[in-house]
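Hydrogens, waters and symmetry mates play no part in the numbers below; they use all other heavy atoms, side chains included.
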Amino acid sequence: MKQTVVIKVEMDGHKSFFGELDGQKVRSKALKIAVGISGVVSASLKGDEKNQIEVKGERIDTVKLTKLLRKKVGFAEIITVTEDKKEEKKEEPKVEYLAWPYMSSYSSHPFYAPSGITYYCS
């Protein structure tokens, strides 16, 4: 089951215990966190202010991802979670041609009648 998840994260520069972080460092940190979650195939920034992360993958734990982003980056909220459905193509049944072997002489092959009597052709 492939999913696409969009999470809005406050990625403005903010002060932390280690000093002040600018917006670009916060964005790269958020992307690293998103890619580190199991099942994630790709992550990208979306939106006019680049404050949304779009994550694509299989069986993504969105709650775990949101909690990690809140803990390490800033406030985060889930915007959408959608399943990517691809149209399954119906396979047409393949036609198999049967070729009967050509036999020139029937003398060596028995002929079975419906009554159960075996006749040999000469």
**Q** Please tell me whether F75 and I78 are part of a single hydrophobic cluster in this structure, the criterion being side-chain heavy atoms less than 4.5 Å apart.
**A**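 Shared cluster, no.
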
**Q** Between CD1 of I79 and CD of E54, what distance do you get to the nearest 0.5 Å?
**A**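 It is 12.0 Å, given to the nearest 0.5 Å.
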
**Q** L45 and I60: same hydrophobic cluster, using ILVMFWY side-chain contacts below 4.5 Å?
**A**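 Yes: a chain of side-chain contacts under 4.5 Å links L45 to I60.
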
**Q** To the nearest 0.5 angstrom, please state how far the CD atom of E58 sits from the CD atom of Q3.
**A** 9.0 Å

**Q** Hydrophobic clusters here meaning ILVMFWY residues chained together by side-chain heavy-atom distances under 4.5 Å, can you tell me if V40 and L31 are in one?
**A** yes

**Q** For residues L68 and V9: do they belong to one hydrophobic cluster (side chain heavy atoms under 4.5 Å, members Ile, Leu, Val, Met, Phe, Trp, Tyr)?
**A**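 Cluster IDs for L68 and V9 match.
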
**Q** Nearest 0.5 Å, what's the OG-CZ distance between S38 and R59?
**A** 10.5 Å

**Q** Only one of L65, T62, V5, V55 forms a side chain to side chain contact (heavy atoms under 4.5 Å, CB included) with I37, so which one is it?
**A** L65

**Q** Look up atom CD1 in I7 and atom OG1 in T66, then write down how far apart they are to the nearest 0.5 Å.
**A** 4.0 Å

**Q** Quick one: NZ on K8 to OG1 on T80, what's the gap to the nearest 0.5 Å?
**A** 13.0 Å

**Q** If you count heavy atoms of other groups shown closer than 6.0 angstrom to CD of E77, is the number above 12?
**A**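 Yes, enclosed.
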
**Q** Rounded to the nearest 0.5 Å, what's the gap from CG on N51 to NZ on K46? Could you check?
**A** 11.0 Å

**Q** Membership question, hydrophobic clusters at under 4.5 Å side-chain separation (ILVMFWY): are V41 and V35 in the same one?
**A**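 Cluster IDs for V35 and V41 differ.
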
**Q** Taking the side chain from K29 and the backbone from K72, do they hold a donor-acceptor pair closer than 3.5 Å?
**A**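 Judged by distance alone, yes, a pair lies under 3.5 Å.
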
